[in-house]
Amino acid sequence: MNLKKHTIGPIRRVGLVDLFRGRPGRPPWDLLALTKMVAQPTATPQAIVGWSRLKSNIICSLYQGRSGCASHILAIKLMRAYAARGKPDVTRKVFDKIPERNNVICNVMIRSYVNNHFYKDAILMYKSTLACGVTPDHYTLPCVLKACSSMDNLRFGVQIHCPAVKKGLDLTLFTGNGLIAMYGKCGNLVEARRVFDEMPQRDIVSWNSMVAGYAQNGRFDEALEVCKEMDSLGVKPDSGTMASLAPAVTNTSAENVMFVKKIFSDMAKDELVAWNVMIAMYANNSMSSEAIGLYTQMEAHGIEPDAITIASVLPACGDLSAVSLGKRIHEYIEIKKLRPNLSVENALIDMYAKCGCLQDARKVFDEMQIKDVISWTSMMSAYGRSGKGEQAVDLFSKMQDLGIIPDSIAFVSILSACSHAGLLEEGRNYYKLMIEEYKIVPRLEHSTCMVDILGRAGKVDEANIHIKQMSMEPNDRVWGALLSACHVYNNMDIGVIAADRLFQLAPQQSGYYVLLSNIYAKAGRWKDVTLFRSIMKGRGVKKIPAVSNVELDDHVHTFLAGDRSHPQMEEIYLELDILLGKMKEAGYVPKTDTALHDVEEEEKENHLVVHSEKLAIVFAIINSEPRVPIRVTKNLRVCEDCHIAIKFISKITERQIIVRDTNRYHHFENGVCSCGDYW
DNA sequence: TTCTCGTCCC
C-alpha cells in the first residue's frame, strides 16, 4: 500500500475522524488499513512516523463523547501495533487515554509488556487492573504467569494460582499450561506435575512444558522419561518438544542424541525451530561436522536460517576452522540484515577467533553498536589464544573503563590469556582482583589457569602450593596443568605426584600417561616408559588418535598420524620428502626426545615425520595457491618437533601457517611462531 | 492467549 494515498495532513485527519463519527459501529476502513500496515514488520519508518503524527489526537477524538466497541477495536489495534514494534511505552500512552477499560484492553496492555520483556510492569499492571475491579480471565492469567516464570518469581506465581483455582481456571488448557511452565521454570517440579496430572485435558504444549521443566532443572532423565511417556500414549512430539528437550541434551550421551534425532526424523521438516534445535544439539555435543552438514541440508530444503540458526552453527564452523563457510554465513547475515544482534555478532567474533582470523574478529567487534560482557570476553580470549596477552590486558581495562562488570568467565579468559603469553605478574593481579574487588569465588577453571600461569613460568613448586590451598577438590584439568609444567621443566618429583592423582581421576585419559612417559623418556628412563605402556594396555587405555583438519574449498579434510588413506597420499609423501630435505639443509634437526617409544633414533624420526599436522600442511601446500594462509586444526597439543618443523616450513614455502591445537593458536610466519615457543 | 532453540572460559 502506498502511504501517499493516505495523506496525513491536518485536514485529512479531521476527515477521518468525521468519517468515523458518521458511521457509528464501524471504524473507518482506511484508518484500519493504515493501522494494519503499521503493525506489519515491513512497515517503513515513514509509515510509523505518519502514524505517530496521527495518534496524538486520534484517540482523544475517537472517544469524544462516546465509548463503544468500534473505538475499542481501533484502540486495541493501535496498541498492538506499537507493542509489535517494541514500543510498550507508547502502547501505555494509548492505554492511558482510553476512558473505559474492559478486561480485553487490560489484557492487551499486559501482553504488550510481557512480549517486550517488561515483566515487572506487566505484574504492576495486573495488580492495578485488579484494583480497578477488572476481573482476570483465561486470557489474563497465562500471560501474567509467563511474566512470573520469566522473572523466576515463584511467590507471585503462587498468588496467581489461588484465584485461578477459585474460578476453576487452573483446569483450563491455557492457564493450566501456564501454571506448569511457571512452576517448572521456578523449580517446583512437584507442583508442576500435580497441575499437569489434574488437568482434565492436555495438549502438546502441556507435555512440552513438563519436558521443559525437567530439562531446565537439570533433571534430564525425567525429561526424557516424559518424552517416552508421550510416545507411549500416542502423543506426537513436535518441534516444541525438541526445543524443550534441548537443555537436556548438551554434552550428553550418544544414545540421547540418537533419541532426539529420531524425533526429528519422524517429523515434518518444515519448521525452523526443529532444524535449529538439531543443529544446536550437534554443535553442543562435539558433532560439528554433523551440525554443518545439517545446516547445508536445511539450505537445500529451502528453509531460511534465522539468527538462532546462525548463532548455533557458527561455533561448529569455528570448531572445524571452516572459515570459508563461516565467511559465507557472514555474508548471509549482512544480506538478511541479521545484525545488529548480540548473539550473532558474538558468535561471529568467536568463529573468526577460532579460525585464527584475528583481524576479522576485531572488525566485527569494532563495528558492534552494543557490546556486552560476552563480546569483550570473546575478543579477549581471541587475543589470548593467539598469544597476544597484552592486547587482552588492554581490552580488559577498556572494558572496566566502560563500566562493564567482568563475570567469572571473563576472568577465565583474561587469566588464560596471561598464561598463554607468560604474563605472570598480571595473572597474579587479576586473580587477586577477581576475589577481592569483584567477590567472585574462584572456580576450578580459574585454578587451572593459575596453575598454568605459575607452571609455565617455571614456578612449579608455587603451582603445587596453589593446588594445596584450593578450597575445592582439584579435578584432572588442574593436575593436568601441573603435570604439563613438570613435563616442560623436567620436574620428576612433582610430576609423579600429579600423575598419581591423574591416574585415579582420569584413568582413561591417555594424554596424561603420555606426558608422564615423556618425562621419563627425557630422563632416559626407558624402563619406566615401557612399564607405563604396559599399564596403559592393562587398563585398556587407548591413545586418542591424533587428527588434523584442514579446510579446502568449503570441504574439511581429515588426516590421522601415519595416514595413508587419502587419495592424494603418494603425492603428499613425495612432497613431504622433498620438503624434509630442504628443511634439513636449512638446519632442521628432528627433536626426538619427546617421542613415546624406546626405539632407535632413526625410527623415532619416522614416527615424527608422519604426524597428522605435517600431512595436513603438505596437503594444503600442494592443493592451494601460493601465499594463501594454511589453517590446520588439531585435536591434541602440537608436539615440540612439529612446532620446530612448521617454523622451517613457513620460511621455506613462504606461507603463513596457522595451527590450532587444544590449547591455543600458533601463527607461523617466516620461521617464527607467535607463541614465542612458549606453550 | 500457553511451551521451546543461540553467543564467552576449561
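Quick note on labels: first sequence line is chain A, next is B, and so on, each numbered from 1.
Taking atom CG on D661(A) and atom C1' on dC10(B), their separation rounds to 14 Å, with Å as the unit. In this entry the distance linking CG of N251(A) with P of dC10(B) reads 14 Å, nearest Å. As rounded to whole Å, 11 Å separates atom C1' of dT1(B) from atom CG of L145(A). Rounded to an integer number of Å, the gap from CZ of F411(A) to C1' of dC10(B) is 17 Å. Rounding to whole angstrom units, CD1 of residue I349(A) and C1' of dC8(B) are separated by 10 Å. When the P atom of dC9(B) is taken as reference, atom OH of Y431(A) falls 20 Å away, rounded to whole Å. As rounded to whole Å, 15 Å separates atom C1' of dC5(B) from atom CH2 of W275(A). In this structure, the CD1 atom of I204(A) is 20 Å from the P atom of dT1(B), given to the nearest Å.
Counting only distance, with no hydrogens or angles, the side chain of N256(A) and the backbone of T252(A) share no donor-acceptor pair below 3.5 Å. Judged by distance alone, with hydrogens and angles left aside, the side-chain atoms of N285(A) form no donor-acceptor pair with the main-chain N or O of M287(A) at under 3.5 Å.
Nucleic acid contact class of G178(A) (heavy atoms, under 4.0 Å, all strands): none. No contact: T309(A) has no heavy atom under 4.0 Å from any strand. Within the nucleic acid shown, A307(A) comes within 4.0 Å of at least one base atom, counting heavy atoms only. Across all strands, H138(A) comes closer than 4.0 Å to base atoms (heavy-atom distances). Within 4.0 Å of D350(A), counting heavy atoms only, lie sugar-phosphate atoms of the nucleic acid but no base atom.
The side chain of I409(A) lies closest to dC9(B) when the candidates are dT7(B), dC3(B), dC9(B). Considering only the side chain of N208(A), dC3(B) comes nearest among dT7(B), dC3(B), dT1(B). Of all nucleotides listed (dT1(B), dC5(B), dC3(B)), dC5(B) comes nearest to the side chain of V277(A). In the set dT4(B), dC9(B), dC5(B), dT4(B) carries the atom at the smallest distance from any side-chain atom of S244(A). Residue S312(A) places its side chain closer to dG6(B) than to any other of dT2(B), dG6(B), dC9(B). Of all nucleotides listed (dC9(B), dC3(B), dC5(B)), dC3(B) comes nearest to the side chain of A181(A). With dT1(B), dC8(B), dT7(B) as the choices, the nucleotide that has an atom nearest any side-chain atom of Y139(A) turns out to be dT1(B). Considering only the side chain of K146(A), dT2(B) comes nearest among dT7(B), dC9(B), dT2(B). Checking dT2(B), dT7(B), dC3(B) against every side-chain atom of N284(A), the shortest atom distance belongs to dT7(B). With dG6(B), dT1(B), dC10(B) as the candidates, the nucleotide lying closest to the side chain of R111(A) is dT1(B).
On a pure distance criterion of 3.5 Å, a polar donor-acceptor pair joins the side chain of N341(A) and the base of dG6(B).
Because its NZ or CZ atom is both nearer than 6.0 Å to the ring centre of F259(A) and within 45° of the ring axis, K228(A) counts as a cation-pi partner of that residue. In this structure, K327(A) fails the cation-pi test against Y332(A), since its NZ or CZ atom is not both closer than 6.0 Å to the six-membered ring centre and inside 45 degrees of the ring normal.
Here the two rings, on Y430(A) and H446(A), have centers that are 6.0 Å apart or farther. In summary, the aromatic rings of F396(A) and W376(A) are positioned with their centroids too far apart to meet the 6.0 Å limit. Residues F411(A) and Y431(A) place their aromatic rings such that the two centres sit no closer than 6.0 Å.
Using a 4.0 Å cut-off, no side-chain N or O of T377(A) falls inside it from OP1 or OP2 of dT7(B). Side-chain N/O atoms of S381(A) include one lying less than 4.0 angstrom from OP1 or OP2 on dC9(B). Remark: R385(A) is in phosphate contact with dC9(B), judged by side-chain N or O atoms under 4.0 Å from OP1 or OP2. In terms of phosphate contacts, Q216(A) brings a side-chain nitrogen or oxygen within less than 4.0 Å of OP1 or OP2 of dT4(B).
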